[in-house]
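Structure, as structure tokens:
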Amino acid sequence: MKKMTFTALVLASALAMSACGSSEPAKGTAGSGGTTKVTVGTLPILPTAAIMLGMDKGFFAKEGLDVKLETGQGGAALVPAVMSGQMQFATGNPISLLQARDKGLDVRVVSSYTYDTDKGVHAVLTRPDSGIKTAKDLVGKKVAVNTLKSMGDLLIMDAVKKDGGDPKAVSFVELPYPNMEAALQSGQVDAVWTPEPFMTIIRKADNPVVTYPGVASVKGHPTMVYFASGTLVKSKPELVSAMAKAINATMDYAQAHPDEVRAKAASTLKIDPALSKAVVLEDMGGPVRKDELTSMGGLMKEYGVITKDADVVGLLQSVPKP
């Protein structure tokens, strides 16, 4: 019962964060002594607590930013809001952003956010009686991911290939993270792919990990980045630079103070404190890892997610120098 209550609380928290109202920046330019209001799209996942912590510590206020957070289901869903100006910045996984550039959308990374660890921060899990032991056992099976043709299925396919299986023989279905445990238990799917905190929730219900596909595929890859539209980057470079500085300061602090991130998650997202201590945190901060991002772009073309070479250079062209 506690697991279901926690899931409901995560969803309630996400809805509470999605406040209505105009997201047009207020008058004043960050860095000029004024205060600029910005709306930032986030996801209902544990690392969002790091940004909340950075807001508490004053890293954004120091750069003249008055931040409002809004929550979406996935990075791909936040791209239209950023492109339309409804949000000035948002978090997204680099696969979704490279897809957007492949479709002609001028999205630009402005700062790093989180990275996979050597232990793995997202996993494929299955039922104890499924007979699925390794990545290649996923061949012919149905696996739930939160978004099709994105980070989950891409890295799973590569993990299956490296384990000697046929990546094209895995069937993927799209499900929201909070629905995955029930779908697994009911037999609707054979396995699920999920990050924290759901990874730990599902694992603690005696569902074993099959593989950590990020570790098996592109080790240390970026999991999330902050992005903006090319229009904002060109029209308000001071604002983009201020946001990058605030995020970098926040992520460096979060990396050095993981217990504070866990405590913030427990208090703000209403996560059981014991659970917040048990989950695996991503690595945070540091420069965007271009080599790993380039490798992921290569996988996108190899597995047919995009048809042209991934535009990594275009995606990273606006990252301010530290």
Side-chain angles (χ1 to χ4, degrees), residues 1-11 43-47 73-74 116-148 150-219 221 223 262 265-266 269-282:
M1 180 63 69
K2 183 179 289 185
K3 296 189 291 293
M4 293 303 293
T5 300
F6 167 71
T7 297
L9 285 168
V10 169
L11 291 174
L43 300 174
I45 56 178
L46 190 138
Q73 174 59 34
D116 201 356
T117 68
D118 291 345
K119 295 180 179 179
V121 295
H122 53 84
V124 176
L125 302 102
T126 189
R127 296 182 301 278
D129 61 350
S130 70
I132 301 173
K133 304 296 182 183
T134 69
K136 68 180 179 181
D137 294 332
L138 296 171
V139 170
K141 304 299 184 181
K142 187 180 295 185
V143 182
V145 294
N146 70 316
T147 305
L148 295 175
S150 191
M151 185 178 292
D153 47 9
L154 180 72
L155 295 179
I156 290 169
M157 284 189 289
D158 197 48
V160 169
K161 179 182 178 181
K162 289 183 175 179
D163 198 35
D166 179 3
K168 295 182 180 179
V170 182
S171 176
F172 294 100
V173 297
E174 189 172 290
L175 285 175
Y177 293 133
N179 297 358
M180 287 187 178
E181 184 179 6
L184 183 64
Q185 291 174 342
S186 69
Q188 179 182 346
V189 295
D190 301 298
V192 299
W193 172 82
T194 181
E196 294 287 24
F198 301 104
M199 183 175 82
T200 291
I201 295 172
I202 296 173
R203 189 178 65 230
K204 283 185 173 293
D206 297 325
N207 298 299
V209 171
V210 176
T211 181
Y212 296 96
V215 178
S217 179
V218 182
K219 191 174 182 179
H221 67 86
T223 53
R262 296 177 188 277
L269 299 179
K270 308 302 181 184
I271 297 176
D272 184 332
L275 178 61
S276 71
K277 292 179 181 179
V279 297
V280 180
L281 286 179
E282 283 102 326

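FYI, the numbering just counts along the sequence from 1.
Taking CG of Asn146 as the start and CE of Met180 as the end, the distance is 5.5 Å to the nearest 0.5 Å.
Sorted by first then second residue, the side chain to side chain donor-acceptor pair (under 3.5 Å) pairs that include residues 132-145, not counting sequence neighbours, are Thr134-Asp163.
The two residues Asp116 and Gly214 make their nearest non-hydrogen contact at OD2-CA, 3.4 Å. Here the shortest heavy-atom pairing between Ala159 and Ala135 reads O-CB, 3.7 Å. Nearest heavy atoms, Asp272 versus Ala274: OD1-N, 2.9 Å. Residues Val209 and Ala123 share a closest heavy-atom pair of CG1-CB, 4.0 Å. Between Ile202 and Glu181, the shortest heavy-atom contact is CG1-CB, 3.9 Å. Scanning both residues, Val145 and Ile156, for their nearest heavy atoms gives CG1-CD1, 4.2 Å.
Listed by chain and number, the residues in a salt bridge (charged side-chain N to carboxylate O under 4.0 Å, His left out) with Arg127 are Asp129 (sequence neighbours excluded). With sequence neighbours excluded, the residues forming a side-chain contact (heavy atoms from CB on, under 4.5 Å) with Val170 are Leu138, Val143, Val160, Phe172, listed by chain and number. The salt bridge (charged side-chain N to carboxylate O under 4.0 Å, His left out) search around Lys219 returns Asp118, not counting sequence neighbours. Asp158 pairs by the salt bridge (charged side-chain N to carboxylate O under 4.0 Å, His left out) definition with Lys162, not counting sequence neighbours. By the ring pair (Phe, Tyr, Trp, His ring centres under 6.0 Å) test, His221 is found to be paired with His122, residues two or more places apart in sequence or in another chain being considered.
Within the 4.5 Å cutoff, the side chain of Glu196 has no heavy atoms near those of the Leu281 side chain. The shortest side-chain heavy-atom distance between Pro128 and Asn207 falls under the 4.5 Å cut-off. Contact of the Pro195 side chain with the Val121 side chain is not registered, since no non-hydrogen atoms from C-beta on lie closer than 4.5 Å. Within the 4.5 Å cutoff, the side chain of Gln188 has heavy atoms near those of the Leu175 side chain.
At least one donor-acceptor pair under 3.5 Å links the side chain of Thr126 to the backbone N or O of Asp190. Between the side chain of Ser186 and the main chain of Ala183, a donor-acceptor pair closer than 3.5 Å is present.
Results of the side chain to side chain contact (heavy atoms under 4.5 Å, CB included) test with Leu125 over Thr194, Thr211, Val210 single out Thr194 as the only residue that passes. Shown are Tyr212, Trp193, Tyr177; of these, the side chain to side chain contact (heavy atoms under 4.5 Å, CB included) with Met199 is made only by Tyr212.
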